[in-house]
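Step one of this worksheet: look at the structure below.
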Amino acid sequence: MADKPRYYVTTAIAYPNGPPHIGHAYEAIATDAIARFMRLDGYDVLFLTGTDEHGIKMLQTATKEKLSPQQLVERNVPLFMKMVERLNCSNDDFIRTTEERHHRASIGIWQRMEAAGDIYVGKYSGWYSVRDEAYYDEDETRLNEQSERVGPQGTPVEWVEEESYFFRLSAYQQKLLDLYERHPDFVLPKERLNEVSAFVKGGLQDLSISRTTFDWGVKVPGNAKHVMYVWVDALTNYITAVGYPDVDSAQFRRYWPADLHVIGKDIVRFHAVYWPAFLMSAGIEVPRRVFSHGFLFNRGEKMSKSVGNVVDPFALADAFGVDQMRYFFLREVPFGQDGNYSLEAIVNRINADLANDLGNLAQRSLTMIARQLDGVLPKPGAFSDADKALLAMADSMIVKAREAMRTQQLHQVLNAVWAVVAEANRYFAGEAPWALAKSDPGRQGTVLYVTAEAIRQVGILAQPFMPTAAAKLLDLLAVPLAERQFAMLGQGRRIAAGTALPAPSPVFPRYVESEGSA
RNA sequence: GGCGGGGUAGCUCAGCUGGUCAGAGCGGCGGAAUCAUAAUCCGUAGGUCGCCGGUUCGAUCCCGGCCCCCGCUACCA
């Protein structure tokens, strides 16, 4: 297996100035599903997530809570670590930008950009919005009803004048456009690339990349008065984790450039414009793809503390189960688009798709094997047309799944899988194995075998999405641990007949309304 | 203002380069079955495919105009 292809996938690093929310959970879940899918499909995967701990907003939040930034970080970051653990994410590393390795990497890339002549000292003065972490031209600001000056987003701005290092972003306009031209899939979904491309075509200004007004960040090499702009620092995490600045390390050579950065649509520009420009400047290969997912809305409303509809991912996991929660978000929301969720939608989905369609199909077929066939998976007779049709559909799942996964269409993978679940239910009802018990036991055995085989393939493909439940399902079918890879899917791969199966028990409980849930 | 994407059954949405394109899932309604987690299966939804014109033998899908929604972006003030 030494020549497994590699696959490096990342989430954006989360900004821990508060506890994790559902958006963080969503990104982690989706990226984990991708990572697990690729592993099962034979890739040597490196899956990275982490936290972006510097910047003035951290400092301000800390101050407000009478903490040092370090204390704030030590309080909040563990919550993010617990979240990915709770969500059953299989990340290989968890990077924190306060780590020494990350400071080294940030300094490294800075020095390379500087050596390339792309960094110069200038002076920056302007209206700065702390909340947006952005400067605005005077004419972009206005006075609100309280006569406070605010930026385009309505956030307060203050006049700031500071010496600043600048990155020669303007020099990269054509190179970036060339990149988009050569790799039309560099940003997905496609609409996002169009937006980015339009932005770049509109002209790029040099980017202020250091601050002197606070010191919670990575110090600029050779000038400790400055800390790096938080985005230089943050983006660099992706190469820190593979050993940068040691570009000759086995890790770096093996995993860089990253195959996929999964991010939220609000930070597309940083990943699709600034990041590749920084990398080009430093002489580092650019990542292969940036995928921008959408936002999650609670009953059509953006989550916000003031509306009081903030949902804690831990509470959601407690209420419905981690696998169920993962399934819901990945099935219900077309990946890349915004999504809506509500209690009813979650309950409907997990009861209909999981408990009723898949769980109950497994339960009814397996209890029949347990009770009527002594718990031994029957040996099939000759396959009828109906048998062949269901098997062919099951065999085709992996093909469709890979096709969908090529562009991260996670919901399409699940659609393909659940189409087989639905067909298997139709098949089961049509063949009525309960009636065959007396009339034609041989035929009953064949029907149960074919059903079990369909469930086996469904179970294997469900693993990236619902690791625990899928494993349990495969346990019930006595599928050996070593035979749960995608290589075991498709034509010619069949469940072993004659195997003794464990006593069946329901895999997906039905959700029944209790009192206080999420 | 510019660019881009949308407005299709109660809800969420599929419908590629015009002629079974009027569809799927969920919900609702009716029926069948009773092996199973009161789960499953079958049938049913008569919706001006945003509005108005046009091209065509024929348009949801092509063209023009208009209304509304969303994203990116610009500017006025």
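- Taking the P atoms as reference points, G18(B) lies 24 Å from A24(B), given to the whole Å.
- Using modelled atom types, no side-chain atom of Arg331(A) and backbone atom of Gln412(A) make a donor-acceptor pair closer than 3.5 Å.
- Distance, Phe297(A) CZ to U12(B) P: 14 Å, rounded to whole Å.
- Taking the P atoms as reference points, U8(B) lies 14 Å from G15(B), given to the whole Å.
- A45(B) and C26(B): their P atoms are spaced 16 Å apart (whole Å).
- Distance NZ (Lys438(A)) to C1' (C35(B)): 12 Å, rounded to an integer number of Å.
- Using a cut-off of 4.0 Å between Lys/Arg side-chain N and Asp/Glu carboxylate O, Asp52(A) and Lys57(A) are scored as not salt-bridged.
- For U56(B), there is no paired base (Watson-Crick or G-U wobble, both distances below 3.5 Å).
- Looking at heavy-atom distances under 4.0 Å, Asp338(A) makes no contact with the nucleic acid at all.
- Nucleotide G18(B): unpaired (no Watson-Crick or G-U wobble partner with both distances less than 3.5 Å).
- Ionic pairing of Arg182(A) and Asp178(A) is not present here: no N-O contact between side-chain nitrogen and carboxylate oxygen is shorter than 4.0 angstrom.
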Please tabulate, one pair per line, each protein N/O and nucleotide N/O from nucleotides 27-34 of chain B that are separated by under 3.5 Å, including the distance.
none

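- For the C1' atom pair drawn from A9(B) and G47(B), the interatomic distance equals 5 Å after rounding to whole Å.
- Remark: aromatic rings of Phe167(A) and Trp231(A) are distant, center separation not under 6.0 Å.
- For the C1' atom pair drawn from U40(B) and U34(B), the interatomic distance equals 9 Å after rounding to whole Å.
- For Arg192(A) and Ser505(A), each mapped to the nucleotide of RNA chain B holding its nearest heavy atom, the one lying further toward the 5' end belongs to Ser505(A).
- The base of A39(B) has none of its N or O atoms less than 3.5 Å from a complementary donor or acceptor on the side chain of Asn356(A).
- Nucleic acid contact for Val507(A): base, since at least one base atom lies under 4.0 Å from a heavy atom of the residue.
- With a cut-off of 3.5 Å on both Watson-Crick or G-U wobble distances, the partner of G28(B) is given as U44(B).
- Side chains of Ser384(A) and Asp387(A): a donor on one and an acceptor on the other come within 3.5 Å.
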- [ ] Decide yes or no on salt bridge (Lys or Arg N to Asp or Glu O under 4.0 Å) for Asp259(A) and Arg289(A), but give the supporting numbers first.
- [x] CA-CA 6 Å; Asp259(A) 293 275; Arg289(A) 176 169 299 167; over 6 Å; no

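- Using a 4.0 Å heavy-atom criterion, one finds that Asn194(A) contacts no nucleic acid atom at all.
- Atom-to-atom, CD of Glu431(A) to C1' of A36(B) comes out at 17 Å; the value is rounded to the nearest Å.
- In this entry the distance linking CZ of Phe199(A) with P of G4(B) reads 19 Å, nearest Å.
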Atom pairs under 3.5 Å, N or O on each side, protein against nucleotides 22-25 of chain B: can you list them with distances?
none

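- The backbone N or O of Ser170(A) sits less than 3.5 Å from a side-chain atom of Asp206(A), completing a donor-acceptor pair.
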Open item on the list: Could you walk me through whether Leu188(A) and Asp185(A) satisfy the side chain to side chain contact (heavy atoms under 4.5 Å, CB included) test, starting with their C-alpha distance in whole Å, then the side-chain angles of each, then the deciding distance to 0.1 Å, before giving a yes or no?
Closed with: CA-CA 6 Å; Leu188(A) 288 181; Asp185(A) 291 342; 4.0 Å; yes

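- Between the CG atom of Asn360(A) and the C1' atom of A39(B) there is a distance of 4 Å, given to the nearest Å.
- Across the protein-nucleic acid pair, Ile350(A) atom CD1 and C26(B) atom P stand 16 Å apart, rounded to whole Å.
- Residue contacts shown for Gly202(A) are absent, as no nucleic acid heavy atom lies under 4.0 Å away.
- Spacing between atom CG of Asn340(A) and atom P of U12(B) amounts to 8 Å, rounded to whole angstrom units.
- The shortest heavy-atom contact between Phe278(A) and Leu207(A) is CZ-CD2, 3.9 Å.
- Within the nucleic acid shown, Glu191(A) has no heavy atom closer than 4.0 Å to any nucleic acid atom.
- Listed candidates were C35(B), U37(B), U40(B). Nearest to the side chain of Arg510(A) is U37(B).
- Nucleic acid contact for Ala198(A): none, since no nucleic acid atom lies under 4.0 Å from a heavy atom of the residue.
- Counting any heavy atom pair closer than 4.0 Å across all strands shown, Pro506(A) reaches a base atom.
- A salt bridge does not link Lys400(A) with Glu403(A): every distance from a Lys NZ or Arg NE/NH1/NH2 to an Asp or Glu carboxylate oxygen is 4.0 Å or more.
- Under the 3.5 Å distance criterion, with hydrogens and angles disregarded, a donor-acceptor pair is assigned to the side chains of Ser208(A) and Ser164(A).
- Ile369(A) places its CD1 atom 14 Å from the P atom of A36(B), with the value rounded to the nearest Å.
- Pair assignment for G4(B): C70(B), on the basis of Watson-Crick or G-U wobble contacts that are both within less than 3.5 Å.
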List the atom pairs, with distances to 0.1 Å, where a side-chain N or O of residues 493-509 of chain A and a protein N or O form a donor-acceptor pair under 3.5 Å, not counting sequence neighbours.
{"from": "Arg493(A)", "atom 1": "NE", "to": "Ala487(A)", "atom 2": "O", "distance (Å)": "3.3"}
{"from": "Arg494(A)", "atom 1": "NH1", "to": "Asp395(A)", "atom 2": "OD1", "distance (Å)": "3.0"}
{"from": "Arg494(A)", "atom 1": "NH1", "to": "Glu453(A)", "atom 2": "OE2", "distance (Å)": "3.2"}
{"from": "Arg494(A)", "atom 1": "NH2", "to": "Asp395(A)", "atom 2": "OD2", "distance (Å)": "2.8"}
{"from": "Thr499(A)", "atom 1": "OG1", "to": "Ala496(A)", "atom 2": "O", "distance (Å)": "2.9"}

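- C51(B) and C69(B) are spaced 15 Å apart, taking the C1' atom of each and rounding to whole Å.
- Comparing the same atom, C1', in C49(B) and in G7(B) gives a spacing of 10 Å after rounding to whole Å.
- Position along RNA chain B of the nearest nucleotide to Ala429(A) versus Glu195(A) favours Ala429(A) as the more 5'-ward residue.
- Nucleotides G30(B) and A36(B) are separated by 26 Å at their P atoms, to the nearest Å.
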